[in-house]
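Structure first, commentary second.
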Number of protein chains: 2
Amino acid sequence: MDRFLSHYVHSVDSKGRVSVPAAYRQVLASRGIRDLFSMRDLYLPVMNVGGPELMSHFEAKMETLDPFSPEYQELAILAYGDGTYLKSDSEGRIVINDLIREHTGITDRATFVGVGKMFQLWRPEDFEEKIAALRERQAKHRSAATGSAGTTER
Amino acid sequence: MDRFLSHYVHSVDSKGRVSVPAAYRQVLASRGIRDLFSMRDLYLPVMNVGGPELMSHFEAKMETLDPFSPEYQELAILAYGDGTYLKSDSEGRIVINDLIREHTGITDRATFVGVGKMFQLWRPEDFEEKIAALRERQAKHRSAATGSAGTTER
DNA sequence: GGGGATATCATGGGACCCCATGGGCGTCAA
DNA sequence: TTGACGCCCATGGGGTCCCATGATATCCCC
């Protein structure tokens, strides 16, 4: 169990602090991640959070691109110019700074969403909406593929 | 005997705990599953429960995609972000959390339904209804085919 | 084969620990 | 000085562990 799974809604206090879910802290420990690194998502009003290897993830992608292409520039800005370290306090809390607040719209509650090697920070309402939309689309895809509706399958 | 079979109705206590049927616990042991993971069914108000391989369906599809594409990200959210861990206590009980309660409508009793490689959690009334509907449909099919009336049973 | 001893299982309750959350205080820099 | 930030302590509730109980199934010995 070394992957970020499941999701949690935690509240942001008046100082902007949020507890990182205990389950995630265990994953961080088992992966030897001490410094959290976060960057804005390319498509969604969401922060991607993980260890410093998040950057190498981007670097690997960048190596496949022309250094003078717009995509490369974009990625470079996102990876280097936009990322921030998130120091966690002695209780394992991080602070929702202005950049996160602005990009995600998070105010007094934040949803932590595990996506395997990293996790994300969502505005709770946005996440619920997204999940509902994704589930609906998946259901349509699958019933379209099998021709069967909601009967017992598998 | 490494498949989940049959169904059991167990009661949920005031703390939200339910005993996982002993037969299922044996299957879990023989499959080497320690951490239970549950996902909402796409069509029914039912939880699908199994080991981490529940996600393999999504992971297989993800491997064919560019990790930077929106499609990949959406699948990751569905596979990892939706659903929850079910920690089981020392007696082999799991806790019906709010997400399960909300999706299934389970209150004080839960039906465990074996479906081979995983099992499901149903609201007992829903399951009985489902079974009745299936049996009725079968009976119709049969009488239509053979011309004989009445429900054929063992 | 019958009946008592024993093991397994579902379920309940109590105690305790951890976690999420809030508040206070000192430090450092603008 | 003031606000941002790091560190400490406090607290309540939820979750986990341990023990208990009754019911049922299994086994064993006479």
Side-chain angles (χ1 to χ4, degrees), chain A residues 1 4-30 33-38 49 84-102 106-114 119-124 127, chain B residues 1 4-30 34-38 47 49 83-102 106-114 119 121-124 127:
Chain A
M1 120 113 165
F4 296 100
L5 293 175
S6 185
H7 66 270
Y8 307 85
V9 182
H10 281 185
S11 60
V12 182
D13 70 11
S14 56
K15 293 182 178 183
R17 298 176 297 187
V18 214
S19 294
V20 175
Y24 288 7
R25 273 182 270 159
Q26 283 180 16
V27 178
L28 291 172
S30 85
I33 299 175
R34 317 195 115 248
D35 302 304
L36 282 178
F37 189 76
S38 82
V49 186
T84 43
Y85 281 103
L86 298 179
K87 324 129 204 153
S88 62
D89 70 8
S90 45
E91 275 83 23
R93 284 180 286 195
I94 57 177
V95 174
I96 304 297
N97 56 36
D98 287 341
L99 189 140
I100 299 178
R101 220 183 291 271
E102 192 184 328
I106 289 172
T107 57
D108 62 335
R109 292 188 315 140
T111 300
F112 291 75
V113 181
F119 63 88
Q120 299 179 324
L121 287 174
W122 287 69
R123 194 170 71 107
F127 180 68
Chain B
M1 135 97 164
F4 297 100
L5 293 175
S6 182
H7 68 270
Y8 308 84
V9 183
H10 282 185
S11 60
V12 181
D13 70 13
S14 58
K15 293 183 177 181
R17 298 177 297 187
V18 214
S19 295
V20 174
Y24 288 8
R25 273 182 271 161
Q26 284 179 16
V27 178
L28 291 172
S30 85
R34 317 199 111 247
D35 303 303
L36 283 178
F37 192 73
S38 79
M47 301 301 298
V49 186
T84 52
Y85 269 121
L86 298 180
K87 335 110 203 169
S88 63
D89 69 7
S90 44
E91 275 83 23
R93 284 179 286 195
I94 57 177
V95 173
I96 304 297
N97 57 34
D98 288 341
L99 191 138
I100 299 178
R101 222 182 288 271
E102 193 184 326
I106 289 172
T107 56
D108 63 335
R109 292 187 316 139
T111 301
F112 290 75
V113 181
F119 62 88
L121 287 174
W122 287 68
R123 194 170 70 109
F127 182 67

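The heavy-atom pair separating A:L86 from A:I100 by the smallest distance is CD2-CD1, 3.9 Å. Residues B:K15 and B:V95 come closest through the heavy atom pair O-CG1, 4.2 Å.
Heavy atoms from other residues, nucleotides or ligands lying under 6.0 Å from CD of A:E91 number more than 12. Other residues, nucleotides and ligands contribute only 12 or fewer heavy atoms inside 6.0 Å of the CZ atom of B:R34.
At least one donor-acceptor pair closer than 3.5 Å links the side chain of B:H10 to the backbone N or O of B:S19. For B:R25 (side chain) and B:V20 (main-chain N/O), a donor-acceptor pair under 3.5 Å exists by modelled atom type. Not one N or O on the side chain of B:T111 forms a donor-acceptor pair closer than 3.5 Å with the backbone of B:Y8.
Across its full length, the helix from C:dG1-D:dC30 to C:dA30-D:dT1 shows an angle of 20° between the axes of its 5 terminal pairs at either end, rounded to 10 degrees.
A:V20 comes within 4.0 angstrom of sugar-phosphate atoms only, judged by non-hydrogen atoms across all strands, and of no base.
Chain B approaches DNA chain C over the interval C:dC9 to C:dA15, counting the first and last nucleotide 5' to 3' with an atom under 4.0 Å from its heavy atoms.
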| Just by protein heavy atoms under 4.0 Å, how would nucleotides 13-27 of chain D read 5' to 3' in B, S and -? | ---BBBB--------
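Ring geometry for B:F119 against B:Y24 counts as tilted: the plane angle lies between 30° and 60°, on a 0 to 90° scale.
Taking atom CD1 of residue A:I94 and atom P of nucleotide D:dC5, one finds them 13 Å apart after rounding to whole Å.
Contact check for B:M47 versus B:I96: no side-chain heavy atoms found under the 4.5 Å cut-off.
Mapping A:S19 and B:R25 onto DNA chain C by nearest heavy atom places B:R25 at the nucleotide closer to the 5' end.
With values rounded to the nearest 0.5 angstrom, B:Y85 atom OH is found 4.0 Å from A:L5 atom CG.
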